[in-house]
Amino acid sequence: MLLMPKASTATEQKLYVDNISAALRDEMRADENVYFMGQDVAEFGGPFNITTGFLEEFGAARIFNTPISESGTVGIAVGSALLGRRPVVEMQFADFVSCGFNQLVNVAAKMYYRMEQPVPLVIRLPAGGGVGAGAFHSQNNEALFAHTPGLKIVAPATAEDAYLLLRAAIRDPNPVLYFEHKYLYRRQKGVTPTFPLGDTTASVTLEAKAAVRRPGADVTIVTYGWMVHRSLEAAETLAAEGIDCEVIDLRVLAPLDTQAILESVEKTSKAVVVHEATITCGIGAEVSALIAEHAIGYLDGPIKRVAYPDQPVPFHKSLEAAALPNPDKIAAAVRAAVEW
Amino acid sequence: MLLMPKASTATEQKLYVDNISAALRDEMRADENVYFMGQDVAEFGGPFNITTGFLEEFGAARIFNTPISESGTVGIAVGSALLGRRPVVEMQFADFVSCGFNQLVNVAAKMYYRMEQPVPLVIRLPAGGGVGAGAFHSQNNEALFAHTPGLKIVAPATAEDAYLLLRAAIRDPNPVLYFEHKYLYRRQKGVTPTFPLGDTTASVTLEAKAAVRRPGADVTIVTYGWMVHRSLEAAETLAAEGIDCEVIDLRVLAPLDTQAILESVEKTSKAVVVHEATITCGIGAEVSALIAEHAIGYLDGPIKRVAYPDQPVPFHKSLEAAALPNPDKIAAAVRAAVEW
Amino acid sequence: MGKAMKDAPQGVLSRAAQLEMHLFMRLAREWDLRFETMYLTGALSKWYSSVGNEGFTVPAATAIEAGDALLTLHRDSGAILRYYLDPDALFPGLLEAPGFPLRKPTTADSHDLLYRLSCQMLGKADGFSGGVERSYHYGHLDEPNGLLHVGMISHLGAMIPVAAGAALGLKQRGTDRVAINFIGDGATSTGDFHEALNMAAVLKLPFILIIENNHYAFSTPTSQQFSCSHLVDRAVGYGIPGVRVNGNDPEESYVALSEAVARARRGDGPTLIEAVVGRLRGHSQGDDSFKQVPPALVEQYQREEPIVTYEATLLERGVCNQTYLDETQARIKSLLIETIDRAQAAPDPDPNHVRPIFADGDAPHA
Amino acid sequence: MGKAMKDAPQGVLSRAAQLEMHLFMRLAREWDLRFETMYLTGALSKWYSSVGNEGFTVPAATAIEAGDALLTLHRDSGAILRYYLDPDALFPGLLEAPGFPLRKPTTADSHDLLYRLSCQMLGKADGFSGGVERSYHYGHLDEPNGLLHVGMISHLGAMIPVAAGAALGLKQRGTDRVAINFIGDGATSTGDFHEALNMAAVLKLPFILIIENNHYAFSTPTSQQFSCSHLVDRAVGYGIPGVRVNGNDPEESYVALSEAVARARRGDGPTLIEAVVGRLRGHSQGDDSFKQVPPALVEQYQREEPIVTYEATLLERGVCNQTYLDETQARIKSLLIETIDRAQAAPDPDPNHVRPIFADGDAPHA
Ligand SMILES: Cc1ncc(C[n+]2csc(CCOP(=O)(O)OP(=O)(O)O)c2C)c(N)n1
Ligand SMILES: Cc1ncc(C[n+]2csc(CCOP(=O)(O)OP(=O)(O)O)c2C)c(N)n1
Ligand SMILES: [Mg+2]
Ligand SMILES: [Mg+2]
């Protein structure tokens, strides 16, 4: 299934965060096997108010609070998914998923290979920095999961994708990690797309399908999440300098849309990879390696990476701002790639 | 400090696994702050007999069994390390470290950055496949940690390095993950090196310093662990075909010895990266990305990767053998890189 | 053949129930001894023994029925065989009457299951995991036949939340089905033990956790694992009932299990059961860990072991005679030899076939 | 100034001890209220309040001394201030006599510590973490002055094994020093709580874990967190003493803590303490979670809160008069305003300075 939004009749612009709520609500309405659990999600509606009103609509059997037990919660999700339930689990912050790590990488991820039994579950992970929240509430830990076969990973950059990717993730028969970016919650707006398959319970799976957010001829920027927007900003600056960037939003980080990446690089001959996560062994390393293996003949210049330096996220806003990738750093990398 | 062995007067060939014991024993003798804990390590000596006799020599205060509590154990190691103790923790298999993941990536790794307080601790991780042990006793999960700033990672390929790297790891003021390969335990032999700093308690830190295991002019193979030996085998085959491989053993996987990698590629213009871990977002992706960013001007051909496919390790030996990287696959990749 | 004797039974079970219980205990024992022999003769590279656990694993699986979920570890062949198999199909005429007439059995073909299970032990293509997983590390979910079996995950403790999740799934379906899960004393020290039991209690899940306390985790005695007097002492910390049973006594175990299952079916939440048994083998066959068990303890464990003691009880009670016991053992042995021999001759997995990692067949890596 | 009155004290503490205890409770309260005001006026972006915890945090830090390790969470300013500071240095002449003459105080400069702590709250360069970490997420190890303080790790529960590890480190040194650690009721559901307490019990570590049970974790009431009657019920599962105290009563808390510390110093292992207190603020200042607390409960919590009740007790006992209380509060306020104002004017961290991630300065990435 292709995940591009169908022409939607909706015109109302909704926030990224509200489209997360909407997707979850629509999926819970469409399929009664879907249930939702996490810390403080029921009466309180979660720290970002994503499930406000859900308890009233769906009742305590479909949405409930968990104790602070990330591992227990993921394990319970796996067990119920084996019986055909479709759990969606909220991590209060993406940072805390490390406490449920084993259940994801050793239990959920390997189950289908070991047992040929689907484990349809979704973990929602409010991730990312830029919000002055320090080392334990700002992490972008998606690459930790990309190295583990058996997990799918999505990371919406736009309000439309926040909706589409969550619905597709819930219908996917595999464990899917849905990385939602806190910085984008109230900064991105878009329509609520019409979900391609409507409100049926027909199964639909995620297929890696990167989106070209800006077509361009001179250089390919491969990115995802918040950095899509910072890359687009950099592309505007560069356009004024006569450098025409193609900006690719990966959307699905595992499995990667290798074809989309290679096609663009074959066209532009230049590649810059951008992400907010720390650089070493990040998704960017994989993208870079794919290009270096499969498109080297087209490549004319270094594959630059712009990413967070290898350090925890500092609390003070000025320290964090200095460390974060930004349009200036991206533009500088693009210039270096082009001028090579 | 350079980690190459000093000319040793020893001539007796010892097994890789015995050099692990020897390093641990020598370090416990040299520094009484060093203590050792893990499951079944005391009376029993561990499943690989690495600490047989230690209880008698060092007593129950220096070596003791833990309950099956990987997270608790790593956390306790961190707390005592903050007070200047030098804990060495044995994971019974590297696979189980996922249960102590949060304590490593969020507690140990970030402590120095957050508190400027050293956390000198070592985790020993019996890793790797080839021994018919299936999905939960064969993992090569080093890359999970390489993406987390603040952790050092070493992976000895030779019996000499098994000794040297463990002693250096114990003296390092940072958390170090020591990946020892089960397949090499009784298959690799070498002398027990003279430790450069002798039996003093002077601190000595690990410095990334890759070793050239085979100098060559035509193509660079970057690898580590078991695959060093399979790469050397491939190099022999290729030599007969007139292809002269340089084989680089990384030894320290974090932080990487970028210089050694780049220098070799600048000489050979061809690169193949080999590891046993699954391919996506592995250490090989990072090596590849480093070359593609910093040595592209010297590169003449694709950077090939030979690694485990993205799947868990199957139990049956024939299934596992089919999935493992081997000299044939490595040689084929080298030929493809050279013939490009 | 030597029919069982006719007197009225003593003990809590009917005569027929005692004989059915015994049949599966003996079946489990012979199953194990067969693979042990194969290990000793080099036909098998590794073996984890269930010998000594039959006294509670068989009753536990007897206390549940088709549609309930079973989650096992590495010493629970007794529960698996009991859960899967129909005694009349395998041993026609052996049991005079159904021992548990109200119990709804699973309905898959017993001969086929026993063959596939044998293949699974041997890593063969016809095993439940197709050779991808070792011995008890597999799952077999066949809902139409009432089979909901999830085998072990190596990471100790990790099974427990998964089992609690199965219980949640059953509860959410609106049935009165339950999930039972076995774990060793060793796994009680894991964080997952705590998180799962606590959540199961808060969510009032139909879940029974059975700790098989055999006094050792690998080489480590329980004195180095925990400081509470008994592991059931932990139940109070979760606000759930904790019951300690003599795991060598199948009838005591059955009563405790049945009560826990009934409680779970009523919607009253989980129960923690500690089954205390002896350690009769090393951690895995042939490793040195058994040397950590003092000889006096080994002797005691052997004296108390469930098969010998239950057979003595049955004889003493006059439930059956020695001839019946001998013939039962002989019939079991010949069935197992035949089935396992067939499995040994079965094809190995095809090394060129790669199992997908995603349920929708998505390719992991280009 | 209004000197405290002279009559013989009631209660378990000497008159001087009661006044010293009160001084730190009031100091902690004013500290909090000052930052709360700054939050309300927009001078601070976030604030986690310790208001209501002074009744056990101050006694807990009073029960330990220089060289003992303190591991705090986000509501333990009372313990930090008490552990760090010398009352006579900050408020010369206020206390007539030392309240705890046998207690060995830490020896770093109190004015400097208070200033750096203020900077830490505000993310300034002079804070203990140099702006790298938020408020209580820092550590301050200054062994020569007897300070072994590790501040919070966000991941709830993760502190507990680290604290047990500090206790192990102290034990391995051969001293009789102890480690105390605070955690919320919420963290009792984490695997680390279980693994750490169990290991601390088995290893007989000099470790005291204090659960601050304020009935809520963020928005979630304890009824949705666990099903046992009281959290101390878990102690029996670890084979260690569990003591439940009224956390609003500093004297009851002090007695329990002192006994636990003495036990730990004797080598008799850990103690679990549950301090029951009210919830007087939302999870973080200004979030909506406080709405989950029913108004009747809020009223009850306010009635029972430790400062008001202890001051009433002191007056009732005649330990001091209202004038003393007023003047004490005034002196504290002016010291805090002066110090925190100075911190606010202090320089921000230099964005061009990057802290190393490795203790030996190894560069992480080329
Ligand atoms: C998380 C984890 N850590 C370590 C191991 C290694 N290991 C396998 S079995 C075992 C001992 C298990 O003891 P117990 O739970 O008592 O079961 P028993 O074998 O006695 O039945 C250990 C330590 C593991 N499987 N999982
Ligand atoms: C492992 C983990 N999961 C989730 C969170 C998010 N979180 C922060 S504080 C909190 C509630 C803590 O409640 P409690 O322990 O009772 O402390 P209190 O704030 O009531 O003092 C939660 C869920 C966290 N910090 N760590
Ligand atoms: Mg055991
Ligand atoms: Mg609380």
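This structure is a prediction, so every number in the text was calculated from the model and none was measured. Residue numbering restarts at 1 for every chain, and letters A, B, ... go by the order of the sequence lines.
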Item checked: Contacting moiety of B/A61, where chain D heavy atoms sit under 4.5 Å -> backbone
Note to self: Can you tell me which portion of B/E116 sits under 4.5 Å from chain D's heavy atoms? Options are side chain, backbone, both or neither.
What the structure shows: both
Checklist line | Heavy-atom pair count under 4.5 Å with chain B, highest-scoring of D/A164, D/G139, D/S154, D/G165 | finding: D/G165
Margin query: Quick check: closest heavy atoms across D/A260 and D/I273, and the distance to 0.1 Å?
Written below: CB-CD1, 4.0 Å
Next item on the list: With a 4.5 Å cut-off on heavy-atom pairs, point out which of B/S69, B/G72, B/S80 contacts chain D the most.
Entry: B/S69
Next item on the list: Please determine if D/E143 and D/R173 form a salt bridge, counting it only when a charged side-chain N lies under 4.0 Å from a carboxylate O.
Entry: yes
Notebook entry, point to check: Non-hydrogen atoms of chain B under 4.5 Å away: do they reach the side chain of D/Q172, the backbone, both or neither?
Noted result: both
Note to self: Strictly below 4.0 Å, N to O, side chains only: are B/R62 and B/E57 in salt-bridge contact?
What the structure shows: no
Notebook entry, point to check: Does the side chain of B/N174 come under 3.5 Å of the side chain of B/Y112 through a donor N or O and an acceptor N or O?
Noted result: no
Next item on the list: Examine whether an atom of D/H194 lies under 4.5 Å from a heavy atom of chain B, and if so say whether it belongs to the side chain, the backbone or both; otherwise answer neither.
Entry: neither
Notebook entry, point to check: By number, which residues in residues 87-101 of chain B have some heavy atom less than 4.5 Å away from chain D?
Noted result: none
Check: Ion pair present between D/R75 and D/E212, side-chain N to carboxylate O less than 4.0 angstrom?
Finding: no
Check: Does any donor atom in the side chain of B/N65 or B/E43 lie under 3.5 Å from an acceptor atom in the other side chain?
Finding: yes
Notebook entry, point to check: Out of B/T66, B/N106, B/V119, B/V107, which one racks up the most heavy-atom pairs below 4.5 Å with chain D?
Noted result: B/N106
Next item on the list: Would you check if there is a donor-acceptor pair between the side chains of D/T57 and D/D76 at a distance under 3.5 Å?
Entry: no
Item checked: Pair B/E27 + B/R86: basic N to acidic O under 4.0 Å -> no
Note to self: So for B/R85, is it side chain, backbone, both, or neither that comes closer than 4.5 Å to the heavy atoms of chain D?
What the structure shows: side chain
Checklist line | Contacting moiety of D/A158, where chain B heavy atoms sit under 4.5 Å | finding: both
Note to self: Can you tell whether the side chains of B/K152 and D/D360 come within less than 4.0 Å, N to carboxylate O?
What the structure shows: yes
Notebook entry, point to check: So do the side chains of B/M115 and D/F128 get within less than 4.5 Å of each other, counting heavy atoms only?
Noted result: no
Next item on the list: With a 4.5 angstrom heavy-atom cut-off, could you sort out which part of D/L203 is near chain B: side chain, backbone, both or neither?
Entry: side chain
Check: Is any NZ, NE, NH1 or NH2 atom of the basic residue among D/D268 and D/R266 found under 4.0 Å from an Asp or Glu carboxylate oxygen of the other?
Finding: yes
Check: When heavy-atom pairs shorter than 4.5 Å are enumerated against chain D, which of B/A254, B/G150, B/P118 gives the highest number?
Finding: B/G150
